[in-house]
Asker: 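Mind looking over this structure? Questions follow.
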There are 2 protein chains.
Amino acid sequence: MMPVNDKKMLSPALASSPGFLLNKAARTLRDAVTEALKPVGLLPPELGILRVVHDEEAAAQSVVAERCFLDRTTVTALIDNLEQRKLLVREASTTDRRQKIVRLTPLGRQILTRGSKAATRAQQEFFQIVLPEEWEVMRQCLVRYIEAVPAE
Amino acid sequence: MMPVNDKKMLSPALASSPGFLLNKAARTLRDAVTEALKPVGLLPPELGILRVVHDEEAAAQSVVAERCFLDRTTVTALIDNLEQRKLLVREASTTDRRQKIVRLTPLGRQILTRGSKAATRAQQEFFQIVLPEEWEVMRQCLVRYIEAVPAE
DNA sequence: TATTGTTATACTCTATAACTATA
DNA sequence: TATAGTTATAGAGTATAACAATA
């Protein structure tokens with residue numbers, strides 16, 4: 001029934017809304033990454049934690065939270081799961097007994113590698129649509145914006 | 001204690017990840033919009049629905065869902081709330097008795113206007129950081145990406 | 001058979017508040 | 001007093017599955 005125009009089109013009001021567009025694109029991309037990470041057994045924010053811990057070599061949870069721009073309670077929960085799966089360990093800090101230092105295990109490094117590859121694959125559809133020079137503009141804007149807005 | 005470097009910096013691994021950057025920027029902007037919409041009594045997705053219904057003048061819920069790129073069950077729930085608050089009405093379709101046609105009330109149009117202004121104000125911090133020509137690049141990329149990926 | 005709308009349910013992501021232990 | 005981490009809780013945003021009515 002109905003000779004439907006099969007092209008899905010955004011409502012004009014939404015096609016000019018930064019909030020809507022950023023949100024929907026982010027969700028679409030995250031769905032793709034989530035799917036690709038399933039066989040690896042990771043969720044996107046867990047991969048983020050592994051990446052940051054790897055970047056820092058070893059860091060207090062509070063530092064991880066700061067580098068991810070996430071609340072420390074969120075990081076605690078994510079690290080709980082990663083620790084249970086032996087992807088990282090919590091060590092006591094020698095200099096501040098309140099802190100827990102987080103470090104990747106060999107297994108964690110392996111899963112990080114697999115996860116990164118899977119995520120990269122999942123993002124290929126994005127990069128088939130967004131050209132490298134366009135992405136570089138976007139990337140710089142996004143980083144600037146994220147780092148400019150104070151974490152509440 | 002500690003002469004802390006107060007600049008919050010992203011972990012390098014995340015500063016090049018489209019998934020992470022899009023997600024975090026979207027959430028930051030949405031938090032700002034959510035805050036600005038509070039006095040108006042709207043959540044961001046509710047404003048989205050009002051905008052789309054206004055764009056379409058009057059439309060079946062399925063059309064609204066398609067134009068928002070949202071699932072129809074999500075739209076049902078959002079419209080439930082908006083209808084209870086008398087911001088829109090559901091009418092029976094004369095041509096297809098399965099459909100419900102949605103239309104803004106005068107109050108709905110008024111709230112839409114207030115909400116749009118509030119959202120625009122909230123996005124000013126974003127536009128202080130992202131230049132108009134940069135945003136135009138981003139906007140086109142985001143629209144292209146959203147419209148290219150088939151809704152699952 | 002396929003589509004519209006509804007309902008029940010569930011999941012991801014993330015935060016706030018209150019706490020303990022340190023500093 | 002302030003910070004690090006934990007726990008309990010909550011909420012926004014969105015989807016899937018199953019269903020009734022209709023096409």
Side-chain angles (χ1 to χ4, degrees), chain A residues 1-2 4 6 19-20 22-35 37-38 42-49 59-66 68-81 83-84 90-102 146 151-152, chain B residues 1-2 4 6 19-20 22-35 37-38 41-49 59-66 68-81 83-84 90-102 151-152:
Chain A
M1 289 297 90
M2 295 220 116
V4 168
D6 212 4
F20 174 84
L22 239 22
N23 202 57
K24 180 61 189 175
R27 194 165 290 264
T28 301
L29 187 51
R30 186 171 61 198
D31 287 347
V33 171
T34 299
E35 195 59 29
L37 285 178
K38 244 167 212 164
L42 289 176
L43 292 170
E46 293 172 339
L47 178 59
I49 299 287
Q61 291 186 195
S62 56
V63 172
V64 175
E66 191 177 300
C68 296
F69 283 66
L70 285 176
D71 189 88
R72 66 204 204 281
T73 64
T74 304
V75 169
T76 292
L78 290 166
I79 288 181
D80 279 350
N81 289 325
E83 187 186 34
Q84 278 181 347
R90 282 171 161 119
E91 300 168 356
S93 165
T94 52
T95 57
D96 183 338
R97 278 157 51 196
R98 291 171 305 181
Q99 291 186 336
K100 295 190 185 168
I101 307 298
V102 167
I146 292 167
E152 326 72 85
Chain B
M1 287 301 90
M2 293 219 118
V4 166
D6 213 3
F20 173 84
L22 240 23
N23 201 57
K24 180 61 189 174
R27 193 165 290 264
T28 301
L29 186 51
R30 187 170 60 198
D31 287 348
V33 172
T34 298
E35 195 58 29
L37 286 179
K38 244 169 211 163
L42 289 175
L43 293 171
E46 294 173 338
L47 178 58
I49 299 286
Q61 292 186 195
S62 57
V63 172
V64 175
E66 190 176 302
C68 297
F69 283 66
L70 285 176
D71 189 87
R72 67 201 205 281
T73 64
T74 303
V75 169
T76 291
L78 289 167
I79 288 181
D80 279 351
N81 289 325
E83 187 186 34
Q84 278 180 347
R90 283 171 160 119
E91 300 168 356
S93 165
T94 53
T95 56
D96 183 338
R97 280 156 52 197
R98 292 170 304 180
Q99 292 186 336
K100 294 189 184 168
I101 308 298
V102 168
E152 322 74 86

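Each chain gets a letter, A, B and so on, in the order its sequence line appears, and its residues count up from 1.
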Asker: Drop me the distance from B:T76's OG1 to B:D71's CG, to the nearest 0.5 angstrom.
Answerer: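 CG of B:D71 is found 8.5 Å from OG1 of B:T76.
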Asker: Output yes when at least one side-chain N/O atom of A:T74 is less than 4.0 Å from OP1 or OP2 of C:dC13, else no.
Answerer: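 Looking at the OP1 and OP2 atoms of C:dC13, neither is under 4.0 Å from any side-chain N or O of A:T74.
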Asker: Closer than 4.0 Å, any side-chain N/O of A:R27 to the OP1 or OP2 of D:dT14?
Answerer: yes
Asker: Rounded to the Å, how far apart are B:E46 CD and D:dG11 C1'?
Answerer: 13 Å
Asker: Could you list, one pair per line, each protein nitrogen or oxygen that sits under 3.5 Å from a nitrogen or oxygen of nucleotides 4-6 of chain D, together with the distance?
Answerer:
{"from": "D:dG5", "atom 1": "OP1", "to": "A:Q61", "atom 2": "N", "distance (Å)": "3.0"}
{"from": "D:dG5", "atom 1": "OP1", "to": "A:K100", "atom 2": "N", "distance (Å)": "2.9"}
{"from": "D:dG5", "atom 1": "OP1", "to": "A:K100", "atom 2": "O", "distance (Å)": "3.1"}
{"from": "D:dG5", "atom 1": "OP2", "to": "A:S62", "atom 2": "N", "distance (Å)": "2.5"}
{"from": "D:dG5", "atom 1": "OP2", "to": "A:S62", "atom 2": "OG", "distance (Å)": "3.3"}
{"from": "D:dG5", "atom 1": "O3'", "to": "A:K100", "atom 2": "NZ", "distance (Å)": "3.4"}
{"from": "D:dG5", "atom 1": "N7", "to": "A:R72", "atom 2": "NE", "distance (Å)": "3.0"}
{"from": "D:dG5", "atom 1": "O6", "to": "A:R72", "atom 2": "NH2", "distance (Å)": "2.7"}
{"from": "D:dT6", "atom 1": "OP1", "to": "A:R90", "atom 2": "NE", "distance (Å)": "3.2"}
{"from": "D:dT6", "atom 1": "OP1", "to": "A:R90", "atom 2": "NH2", "distance (Å)": "3.3"}
{"from": "D:dT6", "atom 1": "OP1", "to": "A:K100", "atom 2": "NZ", "distance (Å)": "3.0"}
{"from": "D:dT6", "atom 1": "OP2", "to": "A:Q61", "atom 2": "OE1", "distance (Å)": "3.3"}
{"from": "D:dT6", "atom 1": "OP2", "to": "A:Q61", "atom 2": "NE2", "distance (Å)": "2.7"}
{"from": "D:dT6", "atom 1": "OP2", "to": "A:T76", "atom 2": "OG1", "distance (Å)": "3.0"}
{"from": "D:dT6", "atom 1": "OP2", "to": "A:R90", "atom 2": "NH2", "distance (Å)": "3.1"}

Asker: Measure the spacing between CD1 of A:I146 and CG of B:L22 and express it to the nearest 0.5 Å.
Answerer: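 Answer rounded to 0.5 Å: 8.5 Å.
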Asker: Output all residues satisfying side-chain hydrogen bond (donor to acceptor under 3.5 Å, both in side chains) with B:T95, sequence neighbours left out; order by chain, then residue number.
Answerer: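 B:T95 satisfies side-chain hydrogen bond (donor to acceptor under 3.5 Å, both in side chains) with B:S93 only.
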Asker: Nearest of C:dA15, C:dT14, D:dT14 to any side-chain atom of A:D71?
Answerer: C:dA15
Asker: About how many Å separate OG1 of A:T94 and CD1 of A:I101, when rounded to the nearest 0.5 Å?
Answerer: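 Taking CD1 in A:I101 and OG1 in A:T94, the distance rounds to 7.5 Å.
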Asker: Please assess A:D31 against A:R27 for the test side chain to side chain contact (heavy atoms under 4.5 Å, CB included), listing each intermediate value before the final yes or no.
Answerer: CA-CA 6 Å; A:D31 287 347; A:R27 194 165 290 264; 4.3 Å; yes
Asker: With A:Q61, which of A:K100, A:R90, A:Q99, A:E66 fulfils side-chain hydrogen bond (donor to acceptor under 3.5 Å, both in side chains)?
Answerer: A:R90
Asker: According to a strict under-4.0 Å criterion, is B:N23 in side-chain N/O contact with OP1 or OP2 of C:dT14?
Answerer: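 Yes, within the criterion.
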Asker: Please report, rounded to the nearest Å, how far the P atom of C:dC11 is from the CG atom of A:D31.
Answerer: 16 Å
Asker: Please report, rounded to the nearest Å, how far the P atom of C:dT4 is from the CD atom of B:E66.
Answerer: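 Going from CD in B:E66 over to P in C:dT4 covers 9 Å.
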Asker: Relative to the 5' end of DNA chain C, which residue comes earlier, A:P44 or A:T95, by the nucleotide with the nearest heavy atom?
Answerer: A:P44
